[in-house]
2 protein chains.
Amino acid sequence: MEIYKASKKRLFVERHSIEHLFSAPVEAYMEVHEYQRDDWIIQEGTRPDFLYYVVEGKAKIYITHQNGKVSLINFINANEFIGEMELLHDVYYTKGIQASTKTICFALPMHYYRRQLMEDAKFLRELTRFLSVKATQMAMKYTQSLAFPLENRLADFILQTADNGVYKEKHVTVCDYLGVSYRHLLHVLTQFTEKQYLQKEGRKYHIKQYDSLKSLSQILRNK
Amino acid sequence: MEIYKASKKRLFVERHSIEHLFSAPVEAYMEVHEYQRDDWIIQEGTRPDFLYYVVEGKAKIYITHQNGKVSLINFINANEFIGEMELLHDVYYTKGIQASTKTICFALPMHYYRRQLMEDAKFLRELTRFLSVKATQMAMKYTQSLAFPLENRLADFILQTADNGVYKEKHVTVCDYLGVSYRHLLHVLTQFTEKQYLQKEGRKYHIKQYDSLKSLSQILRNK
DNA sequence: TAGAAAATATGAGATATCTCCTATTTTGAG
DNA sequence: CTCAAAATAGGAGATATCTCATATTTTCTA
């Protein structure tokens, strides 16, 4: 992890305005943190000292269960917050946050800014929107996971993450995200291949029947 | 559904202050709605005109999936909001809300109050807290549903809803809530009875081995 | 650059959960 | 009070998903 200093910091802050998020300036004590892929931004179980705002990159929220299973709760993208739960609640089980690409965040020391932020309608409005989307997403994922087999959820995930007709996510990550065993994920991927929805080439899968996948994934949706 | 008028309204509003929620008064256009058990407070798919604040009672959030399955997403209790998603987002698939006991809500016409509320730090802070809890809850339910079998989740649910050592929820509701089939719920309940965790008496189940259920439910928790 | 660790792959058997069916009991509206 | 609808109950077989075991390939690190 690198903390930008001096001109590197100044330049970065100038290029990435966050005026739209706050009524009063927060630059005084704000830091700029850069994390490399796989770095832990927050350790599971350890309260963070900062409220983060992701400017660049992508991260993952993990929780480890007592039975050893690991869940990838969700992805965090640019323009989203990290640590807002700890800002709002004194008691909270902190989830682990891991960068999945190089990730640059603004880091606001909660100590300094908590009081100010909790009075700032502009900030609270942003945070409210963010949390409402998060709550809705989780509710959808929850009900979908119970109402539909992996087949549908995987089709949806493939379409969401495929890049130029090519799907190439790591199986291990996908298992944690969709909450199924490695074995079963492979099994359904093989089915997709046998049905010619996908064509496997090394570690990549080429989408061959977009429509078939689309109709599997549409079943999840209440438009 | 009954809308309180005149003195009935005045009395109710006086007895249930909501000063702590708003910086400026909202009583002018506020209504008081009373719903009976099983009334629909909001129809699935139909945008509500009000932001509701539940003063008394308990309600259920439902969504119907394309495959016909119904999910009970969550319960709503006193001092919680309904319709906040529609307040925040112009495009949103509205879930159905059904009263599960007699429920009395304050109903704020969004049309009149949206702008004012979105500027009100006090209100936004409350809403933020509410949504953050909601998001956390959903995330936990989601990961738990994928990481643990019904046995653990049902044990937890029984302990949460049992009244004086007696569990007597409707099976149909529980199926929708825990996302399992009626058949399977009965199956696991029978197991609990055979293991003497519960003792069945008509439609009620008496908790006989509190500790066994407790340890099943503890497995879900990361303290 | 060798060896360890992580990721991929696949088989085989177990089990959690589902679907479909049928029967009985309870509840609620007229 | 009566009848239909809802809720409860349980059998039987299907299937979605899991666990465990083992082998190969890729990636990372000392």
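In what follows, chains carry the letters A, B, and so on, assigned in the order in which the sequence lines appear, proteins first and then strands, with residues in each chain numbered from 1.
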Starting from [atom2] on [N], measure out to [atom1] on [X] and report it in whole angstrom.
| X | N | atom1 | atom2 | result |
| --- | --- | --- | --- | --- |
| B:Asn152 | D:dC18 | CG | P | 15 Å |
| B:His171 | C:dT24 | NE2 | P | 18 Å |
| A:Leu189 | C:dA7 | CG | C1' | 14 Å |
| B:Leu178 | C:dC18 | CG | C1' | 16 Å |
| A:Lys200 | D:dT25 | NZ | P | 12 Å |
| B:Leu146 | D:dC18 | CG | C1' | 13 Å |

Among D:dT19, C:dT8, D:dG10, the one nearest B:Leu186 by side-chain distance: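 It is D:dG10.
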Nearest to side-chain heavy atoms of B:Val172, which nucleotide of D:dA7, C:dT19, C:dA7: D:dA7
Row check, A:Tyr62 ring normal vs A:Lys95 NZ/CZ: under 6.0 Å, within 45°: no
Toward the 5' end of DNA chain C, by each residue's nearest nucleotide, B:Leu185 or A:Glu169: A:Glu169
Taking only N and O in the side chain of [X], is any of them less than 4.0 Å away from OP1 or OP2 of [N]?
| X | N | answer |
| --- | --- | --- |
| A:Lys170 | C:dT8 | no |
| B:Tyr182 | D:dT8 | yes |
| A:Lys69 | D:dT19 | yes |

B:Glu31/B:Lys5 salt bridge by N-O under 4.0 Å criterion: no
Presence of salt bridge, B:Asp163 and B:Lys168, under 4.0 angstrom: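 Salt bridge flag = no for B:Asp163 with B:Lys168.
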Verdict with supporting geometry, A:Tyr4 and A:His33, ring pair (Phe, Tyr, Trp, His ring centres under 6.0 Å): CA-CA 6 Å; A:Tyr4 289 7; A:His33 293 188; 9.1 Å; no
Nucleotides 12-17 of chain C: protein proximity per nucleotide (B base, S sugar-phosphate only, - neither; heavy atom, under 4.0 Å): B---SB
Sugar-phosphate or base contact per nucleotide [nucleotides 25-30 of chain C; S, B, -; heavy atom under 4.0 Å]: -S----
Indicate every side-chain donor-acceptor pair of residues 202-209 of chain B with a distance under 3.5 Å to a residue at least two apart or in another chain.
{"from": "B:His206", "atom 1": "NE2", "to": "B:Glu201", "atom 2": "OE1", "distance (Å)": "2.6"}
{"from": "B:Gln209", "atom 1": "NE2", "to": "B:Ser212", "atom 2": "OG", "distance (Å)": "2.7"}

All side-chain contact (heavy atoms from CB on, under 4.5 Å) counterparts of B:Leu186, not counting sequence neighbours: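 Result, side-chain contact (heavy atoms from CB on, under 4.5 Å) vs B:Leu186: B:His171, B:Tyr182, B:Arg183.
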For B:Phe106, the option from B:Tyr29, B:Phe12, B:Tyr52 that meets ring-ring contact (aromatic ring centres under 6.0 Å, His included): B:Phe12
Relative orientation of the end axes in the helix from C:dT1-D:dA30 to C:dG30-D:dC1, expressed as an angle to the nearest 10° (five pairs per end): 60°
Criterion side-chain hydrogen bond (donor to acceptor under 3.5 Å, both in side chains) against B:Asn74, the qualifying member of B:Lys134, B:Glu80, B:Lys60, B:Gln137: B:Gln137
Any side-chain heavy-atom pair of B:Ile82 and B:Ile61 under 4.5 Å: no
Closest approach of B:Tyr177 to B:Ile73 (non-hydrogen atoms, all atoms of both residues): CE1-O, 4.2 Å
Minimal non-hydrogen separation, A:Asn77 against A:Val54, with atom names: O-CB, 3.6 Å
All ring pair (Phe, Tyr, Trp, His ring centres under 6.0 Å) counterparts of B:Phe81, not counting sequence neighbours: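 Residues passing ring pair (Phe, Tyr, Trp, His ring centres under 6.0 Å) with B:Phe81: B:Tyr53, B:Phe123, B:Phe130.
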